[in-house]
Amino acid sequence: MAKGESVAGTDIPPGGFVQLLTPDGERVDSVTSADGTTYSVDFTDEEYRELYRDLVTVRRLDTEAVALQRQGELGIWASLLGQEAAQVGSGRALRPQDMAFPTYREHGVLYCRGIDPIMPFGLFRGVDQGGWDANEFKFNQYTIVIGSQTLHATGYAMGVTMDGKTGSADGEAVIAYFGDGATSQGEVNEAFVWSGVFNSPIVFFCQNNQYAISEPLERQTRVPLYQRAGGYGFPGIRVDGNDVLATYAVTRAALDNARSGQGPTLIEAYTYRMGAHTSSDDPTRYRIASEVESWKAKDPISRLRAFLTKQKIAKKDFFTEVDDVANQKALDLRERVLAMPDPEPVALFDHVYPNGSPEIDAQRDAFTRYQASFEGSGH
């Protein structure tokens, strides 16, 4: 455990959230929710340091991705800036057997699942389909269609139950990631209905970053998002999404409940998108600078660094080393992205069906002949 003292256990205030690490870096022992659930973590000093490494690394890789897009090397990029704690906390809470269904922004969860960070860059560079093995890493492909992955996750979770893989501490659980804007989509509400009715082993993890592109949260809901869970028959909980410790504790508890047969949970990670929705967006058109500044004071990395410093868990040379390693990983990533080969146009037919088909073969042949017709013709 960490050295030094921490704030005693507390209850969640009305309209509040689970928080184990304040923006000033003060540690809270535990928090008890209205239903009597107590949330806490029991990390070693090295585990605290590892969480800090994760946060810094995923932010640095994300920063490099934004730079690559601005330089014309990526077609688009969806930044996770500001949401690192929500992703690392929940990602590290997953057990090896758990299955995750991401949107297109869960680069931090992808990193925590042990996937090579280069993998999504092929997708956003337009040279492949982001082809990691979802079964090997228990992390599905990125999903661009808003909210559709929640139905995929629900079906998968129902299959877990049918396979008899719930009801014990070693059971399997599923987590589905989505943003606050996705809660207005029909697919998400349908997923809630099916999961609630069938008591599926799933955690719905909503990263409420306050904006569905340019639409603020108050234009989407009259009540806090986590309270919607009650209408579908399962619990909801709000957590400080900029607190990596609280996010870990809440997600681990919800996943354990799911795997033991207690059904779904909706987690609302209350956070903030510090950058643009994607690199095609201009957030200065719909939000004011003072709002962004107020959220900077709640930065997930700064608060964990303050905690590590106050508790004498890490010194200056540790922080320097973490920054240096993260910078090197970002530079390596840049070189690998730039070295990605452009695919041959005919390759678009390669992975339509796993075992091919006569129709696809005919289309490939026609396309090949069409391309060849331009050779030496001056076109």
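When reading the values below, keep in mind they use all heavy atoms of this one structure, side chains included, and skip hydrogens, waters and symmetry mates.
No side-chain heavy atom of V325 sits under 4.5 Å from any side-chain heavy atom of T57. Y272 has its side chain out of reach of K298: every pair of non-hydrogen atoms, C-beta onward, lies at least 4.5 Å apart. Between C206 and I267, the closest side-chain pair of non-hydrogen atoms is not below 4.5 Å. Side-chain contact between L110 and P120 is present, with at least one heavy-atom pair separated by less than 4.5 Å. Under the 4.5 Å side-chain criterion, counting only non-hydrogen atoms from C-beta, I301 is in contact with Y52. Within the 4.5 Å cutoff, the side chain of F178 has no heavy atoms near those of the Q207 side chain. With contacts defined as side-chain heavy-atom distances shorter than 4.5 Å, the pair N140/Q149 does not qualify.
Judged by distance alone, the side chains of R27 and Y48 do bring a donor and an acceptor atom under 3.5 Å apart. Between the side chains of T284 and D282, a donor-acceptor pair is found at a separation under 3.5 Å. With 3.5 Å as the limit, one finds a donor-acceptor pair spanning the side chains of Y177 and S90. Side-chain contact check for D332 and Q328: at least one donor-acceptor pair (N or O, by modelled atom type) lies under 3.5 Å. Residues N242 and R303 bring no donor and acceptor atom of their side chains to less than 3.5 Å of each other. There is no side-chain donor-acceptor pair under 3.5 Å between D243 and Q19.
Aromatic ring centres of F124 and W77 lie closer together than 6.0 Å. Residues W194 and Y232 keep their aromatic ring centres 6.0 Å or farther apart. Here the two rings, on Y142 and H107, have centers that are under 6.0 Å apart. Here F43 and Y248 bring their ring centres to under 6.0 angstrom of each other.
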- For Y156 and F101, what are the C-alpha separation, side-chain angles and deciding distance, and is it a ring-ring contact (aromatic ring centres under 6.0 Å, His included)? CA-CA 10 Å; Y156 190 98; F101 286 80; 5.6 Å; yes

(message) Checking T143 against T103 for the side-chain hydrogen bond (donor to acceptor under 3.5 Å, both in side chains) test, could you report, in this order, the C-alpha distance in whole Å, the side-chain angles of both residues, the deciding distance, and whether it holds?
(response) CA-CA 5 Å; T143 306; T103 65; over 6 Å; no

query: Given the rule in the salt bridge (Lys or Arg N to Asp or Glu O under 4.0 Å) test, do R125 and E73 qualify, once you have shown the distances and angles that lead to the verdict?
result: CA-CA 7 Å; R125 189 170 168 85; E73 301 297 342; 2.8 Å; yes

Self-check item: Chi angles and distances behind the salt bridge (Lys or Arg N to Asp or Glu O under 4.0 Å) call for R273, D281
Solution: CA-CA 12 Å; R273 168 170 53 80; D281 172 42; 3.7 Å; yes

Is there a side-chain hydrogen bond (donor to acceptor under 3.5 Å, both in side chains) between T44 and E46? Walk through the geometry before answering. CA-CA 5 Å; T44 64; E46 181 55 28; over 6 Å; no

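Comment: R287 does not engage E291 in a salt bridge, judged by the lack of any side-chain N to carboxylate O separation of less than 4.0 angstrom. Classification of D361 and R364 as a salt-bridged pair holds, one side-chain N sitting under 4.0 Å from a carboxylate O. Under the 4.0 Å criterion applied to side-chain N and carboxylate O atoms, R49 and D54 are not assigned as salt-bridge partners.
Residue T161 holds its OG1 atom at 10.0 Å from CD of E172, rounded to the nearest 0.5 Å.
Judged by a 6.0 Å distance limit and a 45° cone about the ring axis, R238 is positioned over the six-membered ring of Y270. Taking the ring axis of F192 as reference, the NZ or CZ atom of R228 does not stay both within 45° of it and closer than 6.0 Å to the ring centre.
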Could you list the donor-acceptor pairs under 3.5 angstrom formed by side chains in residues 345-359, with sequence neighbours left out?
unit_1, atom_1, unit_2, atom_2, d
S357, OG, I360, N, 3.1

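Only one option out of D98, T166, D170 pairs with R259 in a side-chain hydrogen bond (donor to acceptor under 3.5 Å, both in side chains); it is D98. The side chain to side chain contact (heavy atoms under 4.5 Å, CB included) with I175 is formed by just one residue from the set V109, V203, I202; it is V203.
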